[in-house]
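To start, the structure under review is shown below, and the notes come after it.
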Amino acid sequence: QVQLVESGGGLVQAGRSLRLSCAASGSIFSIRPMGWYRQAPGKQRELVAAITRDGSTSYADSVKGRFTISRDGAKNTVYLQMNSLNAEDTAVYYCQLRIYANDYWGQGTQVTVAS
């Protein structure tokens, strides 16, 4: 009984920024590892950024220096700040939350970067 709702996607021009949000609710009783994935047409879903329970972050090489994942513990919300967007960032972005061996996913939010 975990629900993740992404928001903040949209159409942006290359070089601009966008901030995604993921609001988690349900049977979440502590800070959980969370991440952002993306899937472009014809591509496999890939991990973009992750944040551990203690706040450590990691990023795909393709977004290092441009994207930042953060957490708002009070709201069980994670964010993905995306800067210097380019056309290769176009994808559906999914929020993920892990509770032990179980992964929970949001519906995804479309990010389209116009070059």
Side-chain angles (χ1 to χ4, degrees):
Q1 294 292 340
V2 175
Q3 183 179 19
L4 305 175
V5 180
E6 302 99 334
S7 62
L11 174 65
V12 298
Q13 291 288 326
R16 296 296 193 269
S17 298
L18 203 61
R19 187 176 181 86
L20 306 182
S21 298
C22 173
S25 62
S27 300
I28 306 170
F29 305 108
S30 65
I31 297 175
R32 305 292 185 180
M34 298 182 71
W36 285 97
Y37 287 72
R38 68 185 181 188
Q39 187 165 25
K43 305 291 185 180
Q44 291 190 325
R45 187 174 299 186
E46 65 173 341
L47 177 64
V48 175
I51 185 165
T52 67
R53 296 179 71 251
D54 66 358
S56 297
T57 59
S58 60
Y59 301 91
D61 288 341
S62 59
V63 306
K64 285 181 179 178
R66 300 188 298 120
F67 289 12
T68 303
I69 186 171
S70 60
R71 173 189 286 121
D72 182 341
K75 300 180 180 179
N76 292 316
T77 301
V78 294
Y79 306 93
L80 185 67
Q81 178 67 43
M82 304 184 293
N83 299 327
S84 301
L85 287 163
N86 57 62
E88 294 183 354
D89 296 317
T90 295
V92 177
Y93 284 72
Y94 298 90
C95 179
Q96 177 216 42
L97 180 149
R98 175 165 291 176
I99 302 178
Y100 299 108
N102 298 318
D103 290 334
Y104 300 87
W105 297 88
Q107 291 290 315
T109 184
Q110 176 71 49
V111 172
T112 302
V113 183
S115 60

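Here the structure is a predicted model, which is why all the values come from computation and not from measurement.
Between M34 and C22, the shortest heavy-atom distance links the atoms CE-SG, 4.1 Å. When all heavy atoms of L97 and L4 are compared, the pair lying nearest together is N-CD1, 3.7 Å. In terms of heavy-atom proximity, L47 sits nearest to A60 at O-CB, 3.4 Å. In terms of heavy atoms, Y59 sits closest to A49 at CD2-CB, 3.6 Å. Taking both residues in full, the closest heavy atoms of I31 and R53 are given as O-NE, 3.0 Å, listed atom of the first, atom of the second, then distance. Minimum heavy-atom separation, S62 to R38: OG-NH2, 3.3 Å.
Atom CD of E88 sits in a sparse spot, with 12 or fewer heavy atoms from other residues, nucleotides or ligands closer than 6.0 Å. Within 6.0 Å of CD in Q107 there are 12 or fewer heavy atoms belonging to other residues, nucleotides or ligands.
Atom-to-atom distance recorded for L11:CG and R16:CZ is 12.0 Å, nearest 0.5 angstrom. With rounding to the nearest 0.5 Å, the separation of CZ in R98 from OG1 in T52 is 12.5 Å. Between Q81 atom CD and R19 atom CZ the span is 5.0 Å, to the nearest 0.5 Å. Atom CG of D89 is separated from atom OG of S115 by 11.5 Å, given to the nearest 0.5 angstrom.
Under a hydrophobic-cluster definition in which Ile, Leu, Val, Met, Phe, Trp and Tyr are linked whenever side-chain heavy atoms come within less than 4.5 Å, directly or via other members, L20 and Y37 are assigned to different clusters. M82 and V92 sit in two unconnected hydrophobic clusters of ILVMFWY residues. Membership requires side-chain heavy atoms under 4.5 Å apart, directly or through other members. With hydrophobic clusters built from ILVMFWY side chains whose heavy atoms lie under 4.5 angstrom apart, V48 does not share a cluster with Y94. W36 and V113 fall within the same hydrophobic cluster, defined by Ile, Leu, Val, Met, Phe, Trp and Tyr side-chain heavy atoms under 4.5 Å apart, directly or through other members. Note on L18: it clusters hydrophobically with F67, by side-chain heavy-atom contacts below 4.5 Å among ILVMFWY residues.
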| request: Start with the C-alpha gap between Q13 and L85, add the side-chain angles, then the distance that decides, and say whether side chain to side chain contact (heavy atoms under 4.5 Å, CB included) holds. | output: CA-CA 8 Å; Q13 291 288 326; L85 287 163; over 6 Å; no
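Here the side chains of R32 and Y100 are in contact, with some heavy-atom distance below 4.5 Å.
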